[in-house]
Amino acid sequence: MSYLFPIVEGRAVRVRVEGDPAAPPVVLVHGIGRSLDDWSAQFPALRNRYRLIALDLPGFGYSQRRPEPASLGALARGVLTTLDALDEHRPVHLVGNSLGGAVSMQSLLFAPARVARLVLVNSAGFGPEVTYILRMLAVPGIGPMMLARPTRVGLAHAERALYADPSFADRTRVEHSLRCARRPGAAQFMGEIGEALGTLRGGIRPEWRRELLAAMSSQQHPMLIVWGDRDKILPPRHFAAARRAFPNAATHMFSCTGHMPQTERADEFATLVAEFLSGVRPATG
């Protein structure tokens with residue numbers, strides 16, 4: 001595999017692009033503190049049908065942050081300006097995991113004509129609860145120390161929390177997380193985005209969630225919502241809230257699956273998404 005580092009508004013962004021440039025474009029958006037590598041298992045499954053574009057959101061992975069304050073809007077602008085830099089101006093299918101789901105919704109709101117379909121994967125935005133690992137980052141003194149001094153043991157624990165099957169948290173994934181967490185500016189940006197979107201008690205701020213969902217209620221884009229029934233990061237009850245928020249969306253719950261079904265259920269996930277993107281509405285589950 002190879003990565004591109006286009007310069008987007010004066011800053012380097014890491015992207016992975018595969019597939020026929022003429023094929024329908026699919027943009028894969030990762031979650032908080034993560035990177036485009038969370039989508040690695042989807043490239044072999046989908047690149048023959050689509051132009052797959054995955055990016056490190058600004059401030060995460062190996063992408064430089066935007067100069068503006070860390071916010072949901074800044075991340076969404078990072079998605080849209082990266083597409084401009086790649087000369088991709090067609091309506092794209094947005095697939096967002098965790099915070100990447102909220103970023104995808106915000107991207108749609110910024111530019112509705114640039115989005116064809118939306119897939120939300122264990123998406124943020126549907127409830128205040130979040131894993132205790134992220135809540136600890138909000139504790140004064142402890143949070144900044146954890147961010148400034150990431151350890152292999154701590155990140156291995158966080159990686160295991162993403163999956164129902166902890167064997168997915170292998171050494172390669174842990175070492176990659178450690179490299180990303182130790183990059184210059186990573187701790188500061190993570191702290192900023194956590195403060196912007198979370199509360200001092202470690203929950204998710206209700207203000208941006210209410211505003212985002214209220215704005216999304218007027219959108220008519222086809223939507224698929226999927227979740228893992230053993231998600232320890234954003235609990236499965238958020239899935240029920242998402243179904244209430246978007247009653248016309250297609251939905252699917254993966255069994256024996258954690259926060260990242262695109263990894264734990266790679267083949268099933270790819271089949272489900274490909275069917276949805278081709279216009280087939282999955283059976284509700």
Side-chain angles (χ1 to χ4, degrees), residues 1 3-6 8 12-18 25-43 45-46 50 52-66 70-83 86 92-108 118-125 130-131 133-134 155 158-159 161-163 168-169 172-181 183 186 189-190 193-194 197 204 226-228 231-234 257-266 269-270 273:
M1 78 185 69
Y3 302 104
L4 304 175
F5 288 85
V8 181
V13 173
R14 185 175 74 134
V15 300
R16 179 179 177 183
V17 182
E18 294 186 20
V26 174
V27 179
L28 306 171
V29 188
H30 65 78
I32 189 168
R34 305 297 297 173
S35 74
L36 62 80
D37 301 272
D38 285 349
W39 299 103
S40 294
Q42 292 305 304
F43 275 81
L46 295 175
Y50 303 100
L52 291 184
I53 301 170
L55 71 153
D56 285 348
L57 289 169
F60 293 124
Y62 289 81
S63 288
Q64 293 178 310
R65 65 173 296 168
R66 293 173 63 85
S71 68
L72 188 66
L75 297 176
R77 282 186 283 274
V79 172
L80 297 172
T81 54
T82 299
L83 291 176
L86 296 173
V92 302
H93 301 305
L94 281 177
V95 184
N97 174 231
S98 195
L99 181 60
V103 172
S104 296
M105 286 189 275
Q106 186 62 68
S107 300
L108 184 156
L118 183 66
V119 180
L120 302 180
V121 185
N122 297 57
S123 175
V130 70
T131 174
I133 296 171
L134 292 178
L155 288 173
E159 195 76 22
L162 295 171
Y163 309 104
F168 280 94
T172 298
R173 290 192 170 102
V174 172
E175 291 300 320
H176 173 72
S177 293
L178 186 61
R179 288 192 297 271
C180 289
R183 282 182 58 79
F189 186 80
M190 184 71 173
I193 198 70
L197 302 179
I204 299 175
V226 303
W227 225 275
D231 190 346
K232 303 182 188 77
I233 308 300
L234 297 173
T257 305
H259 190 58
M260 290 176 40
Q262 73 269 29
T263 299
E264 277 194 284
R265 296 288 179 267
F269 180 91
V273 168

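- Ring geometry for F60 against F189 counts as perpendicular: the plane angle is over 60°, on a 0 to 90° scale with 30° as the lower cut.
- For the side-chain contact (heavy atoms from CB on, under 4.5 Å) criterion with V29, the lone passing option out of S98, S107, S104 is S104.
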Evaluation steps, side chain to side chain contact (heavy atoms under 4.5 Å, CB included), between V119 and H93: CA-CA 8 Å; V119 180; H93 301 305; over 6 Å; no
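- To the nearest 0.5 angstrom, E159 atom CD is 7.0 Å from M260 atom CE.
- Within the 4.5 Å cutoff, no side-chain heavy atoms of F168 are placed close to those of L162.
- Side-chain contact check for V27 versus T82: every heavy-atom pair is 4.5 Å or farther apart.
- Between the side chain of D231 and the backbone N or O of L234, at least one donor-acceptor pair lies under 3.5 Å.
- Closest approach of P6 and L86 over heavy atoms only: CG-CD2, 4.3 Å.
- Distance alone, capped at 3.5 Å, is enough to place a donor-acceptor pair between the N97 side chain and the V121 backbone.
- From L52, atom CG reaches atom CZ of R16 across 8.5 Å, with rounding to the nearest 0.5 Å.
- Shown here for A124 and A102, the closest heavy-atom pair between the two residues is O-CB, 3.9 Å.
- Side chains of D37 and R14 form a contact here, defined as non-hydrogen atoms less than 4.5 Å apart.
- In this structure, the separation between CH2 on W39 and OG1 on T263 is 8.0 Å, given to the nearest 0.5 Å.
- When side chains are defined from C-beta on, D56 does not count as touching V13, because their heavy atoms never get closer than 4.5 Å.
- At a threshold of 4.5 Å between non-hydrogen side-chain atoms, the residues N122 and I233 do not count as touching.
- Separating the CD1 atom in I32 from the CG atom in L57 is a distance of 10.5 Å, to the nearest 0.5 Å.
- Summarising the geometry of A74 relative to P58, their closest heavy-atom pair is O-CG, 4.1 Å, with the distance given to 0.1 Å.
- Under the 4.5 Å side-chain criterion, counting only non-hydrogen atoms from C-beta, D38 is in contact with Q262.
- G258 approaches E264 most closely through the heavy-atom pair N-OE1, 2.7 Å.
- Of all heavy-atom pairs spanning C180 and G61, the tightest one is SG-CA, 3.8 Å.
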Chi angles and distances behind the side chain to side chain contact (heavy atoms under 4.5 Å, CB included) call for M105, L120: CA-CA 9 Å; M105 286 189 275; L120 302 180; 4.0 Å; yes
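- A heavy-atom distance below 4.5 Å is found between the side chains of V95 and F269.
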Derivation of the side chain to side chain contact (heavy atoms under 4.5 Å, CB included) call for Q42 and V273: CA-CA 10 Å; Q42 292 305 304; V273 168; 5.8 Å; no
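- Expressed to the nearest 0.5 Å, how far NE2 of H259 lies from CZ of R34 amounts to 8.5 Å.
- Counting heavy atoms from C-beta outward, R66 and T81 have side chains that approach closer than 4.5 Å.
- Summarising the geometry, atom NE2 belonging to H176 is positioned 8.0 Å from atom OG belonging to S40; distances are rounded to the nearest 0.5 Å.
- Taking every heavy atom of both residues into account, G73 and Q106 meet most closely at CA-CG, 4.2 Å.
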